[in-house]
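Per chain, numbering begins at 1; letters A, B, ... match sequence-line order.
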Number of protein chains: 2
Amino acid sequence: MRGMKANLEYITNKLKNKNIRLSHQRLKVLEYMDQHRIHPTVEQIYHGLRDEIPTLSKTTIYNTLKTLMEAGLVKSIAIDDNETRYDIRTDSHGHFKCLTCENIYDFEVNMDSIKIEDLNGFRIYARDMYFSGICPKCIEQKRETDN
Amino acid sequence: MRGMKANLEYITNKLKNKNIRLSHQRLKVLEYMDQHRIHPTVEQIYHGLRDEIPTLSKTTIYNTLKTLMEAGLVKSIAIDDNETRYDIRTDSHGHFKCLTCENIYDFEVNMDSIKIEDLNGFRIYARDMYFSGICPKCIEQKRETDN
DNA sequence: TTTTTATTTGTAATGATTACAATTTTATTA
DNA sequence: TAATAAAATTGTAATCATTACAAATAAAAA
């Protein structure tokens, strides 16, 4: 486990390395993303930081996420119908959404190795895989309820 | 190519088979989807049918698409950031979005055969694959512009 | 410390989608 | 076919995520 100071340094360097100017809000948003790997919505980030930063505005969160996305430090997930979710993991992986508890799970899958005949001649920049269904926890809960 | 009459019958039967009550609007929306396989938005369907059905309301299109989705006759595509797109193809296939012309291309891919270790114990209902990048047409156009 | 530049913030605007009640249409029954 | 019951359509208003914008504030440079 990283110490508090080391973690702040780690977050700070992430921004510095991308030539993003430092600000209290940016550090806190990025720290929140790093510590809450639940693919949060803007609303969740907002509520999570509201106590620490009482003046925080949602617009700032939108602005910050846009900046972080352009730098490649976060990615957006379009698995939800109305709210965008954000992911601090930027390596290739899939997402599973449980239709019962609404949680989003990561899964490992090598999408780059999948050859798609129909896409010969296409320049592919991004690959996303979204599955949905019921997670084991909710299957188990349903089973208990049924008894 | 299906004749006009045969096509109407085909569309009508699609609804009847799913026990969906017939209406002028439902037939026209489904016909539009069948004849315009461009993964249209509500806006596109609305403009496409406005001349034929001057009283048409967008709410009706939303209602109709909801009904058709529940019956499994159409599927929604969340590849767009703000507008939902709808697909009359309900068999398993992937989608590629060109970031330049915004067109969405279908591609064949057998997602059901992909085994995901991390999802053992998960009940999977839907699998979606979204790629994005530049399509051959736009790559070519860019090349010509650069000369 | 001063100045310049960029960020944050609150408010208002936008735009897709949904809620709702009155009207119209479709299906059923006599 | 006509009358009745049930469901679909429509226009308007509401909702809600996201964006636009300009003034206030904070960070970096001089």
Side-chain angles (χ1 to χ4, degrees), chain A residues 8 11-13 15-32 39-71 73-86 102, chain B residues 8 11-32 39-47 49-71 73-86 102:
Chain A
L8 176 60
I11 297 292
T12 302
N13 281 334
L15 294 175
K16 278 191 179 167
N17 291 339
K18 294 290 183 179
N19 284 315
I20 297 172
R21 283 167 64 126
L22 302 177
S23 79
H24 187 53
Q25 287 82 346
R26 283 177 178 169
L27 286 167
K28 283 300 173 186
V29 168
L30 193 51
E31 186 188 56
Y32 181 92
H39 318 91
T41 62
V42 165
E43 189 66 31
Q44 286 176 308
I45 301 171
Y46 181 67
H47 276 104
L49 296 177
R50 225 184 170 344
D51 289 346
E52 262 186 300
I53 316 169
T55 62
L56 184 63
S57 157
K58 270 192 198 172
T59 302
T60 298
I61 300 176
Y62 279 106
N63 289 342
T64 300
L65 288 171
K66 195 181 173 208
T67 302
L68 297 177
M69 283 207 293
E70 283 164 1
L73 291 178
V74 307
K75 284 168 83 175
S76 68
I77 309 177
I79 204 170
D80 233 306
D81 289 332
N82 57 331
E83 261 180 308
T84 304
R85 290 173 164 276
Y86 296 88
E102 306 242 285
Chain B
L8 177 59
I11 297 291
T12 302
N13 282 334
K14 269 197 160 187
L15 293 175
K16 279 191 179 166
N17 291 340
K18 294 289 184 180
N19 285 313
I20 297 172
R21 286 169 61 127
L22 302 177
S23 79
H24 187 53
Q25 287 82 345
R26 284 178 177 169
L27 287 166
K28 284 300 174 186
V29 167
L30 193 51
E31 186 187 58
Y32 181 92
H39 318 89
T41 63
V42 165
E43 189 66 29
Q44 286 175 308
I45 301 171
Y46 181 67
H47 276 106
L49 296 178
R50 224 182 170 344
D51 288 346
E52 261 186 299
I53 316 170
T55 62
L56 185 63
S57 157
K58 269 190 197 172
T59 302
T60 298
I61 300 175
Y62 279 107
N63 290 340
T64 300
L65 289 171
K66 197 182 171 209
T67 302
L68 297 178
M69 283 207 291
E70 282 164 0
L73 292 177
V74 308
K75 284 168 84 176
S76 67
I77 309 177
I79 202 170
D80 233 305
D81 289 331
N82 58 330
E83 261 180 308
T84 304
R85 291 174 163 274
Y86 296 89
E102 306 243 285

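- Closest to the A/Tyr62 side chain, of the nucleotides C/dT9, D/dT18, D/dT9, is D/dT18.
- The NE2 atom of A/His24 sits 22 Å away from the P atom of D/dA24 (whole-angstrom rounding).
- Across the interface with DNA chain C, nearest-nucleotide mapping of B/Glu83 and B/Thr59 shows B/Glu83 to be the residue nearer the 5′ end.
- Although no hydrogens or angles enter the test, the distance criterion places no donor-acceptor pair under 3.5 Å between the side chain of A/Arg85 and the main chain of A/Asp80.
- If you measure from atom NZ of B/Lys28 to atom C1' of D/dT9, you get 17 Å, rounded to the nearest angstrom.
- Between A/Asn63 and A/Lys66, the closest side-chain pair of non-hydrogen atoms is not below 4.5 Å.
- Side-chain N/O atoms of B/Arg21 include none lying less than 4.0 angstrom from OP1 or OP2 on D/dA6.
- Nucleic acid contact for A/Thr84: sugar-phosphate only, since backbone atoms but no base atoms lie under 4.0 Å from a heavy atom of the residue.
- For A/Ser57, no side-chain nitrogen or oxygen approaches OP1 or OP2 of C/dT8 to under 4.0 Å.
- With hydrogens and angles disregarded, a donor-acceptor distance shorter than 3.5 Å links the side chain of B/Thr64 to the backbone of B/Thr60.
- Side chain of A/Gln25, nearest nucleotide from D/dG11, C/dT17, C/dT8: C/dT8.
- Atom C1' of nucleotide D/dT19 and atom CG of A/Leu65 are separated by 14 Å, given to the nearest angstrom.
- Comparing A/Asn82 and B/Lys58 by the nucleotide of DNA chain D that holds the closest heavy atom to each, the one mapping nearer the 5' end is B/Lys58.
- Going from atom CG of B/Asn63 over to atom P of C/dT23 covers 19 Å, rounded to whole Å.
- Nearer the 5' end of DNA chain C, as judged by each residue's closest nucleotide, is the contact made by A/Thr67, out of B/Arg85 and A/Thr67.
- Distance CG (A/Asp81) to P (D/dT18): 12 Å, rounded to an integer number of Å.
- Here the C1' atom of nucleotide C/dA16 and the CD1 atom of B/Ile77 are 17 Å apart, to the nearest Å.
- A donor-acceptor pair under 3.5 Å is absent between the side-chain atoms of B/Glu52 and the main chain of B/Leu49, judged by distance alone.
- Nucleic acid contact for B/Thr60: base, since at least one base atom lies under 4.0 Å from a heavy atom of the residue.
- Rounding to the nearest 0.5 Å gives a distance of 4.5 Å between CD1 of B/Ile11 and CG of B/Leu30.
- Between C/dA16, D/dT9, C/dT8, one nucleotide has an atom nearer to the side chain of A/Ser23 than all others, and that is C/dT8.
- What separates CG of A/Leu27 from P of D/dA26 is a distance of 15 Å, to the nearest Å.
- To the nearest angstrom, C1' of D/dA29 lies 15 Å from CG of A/Leu22.
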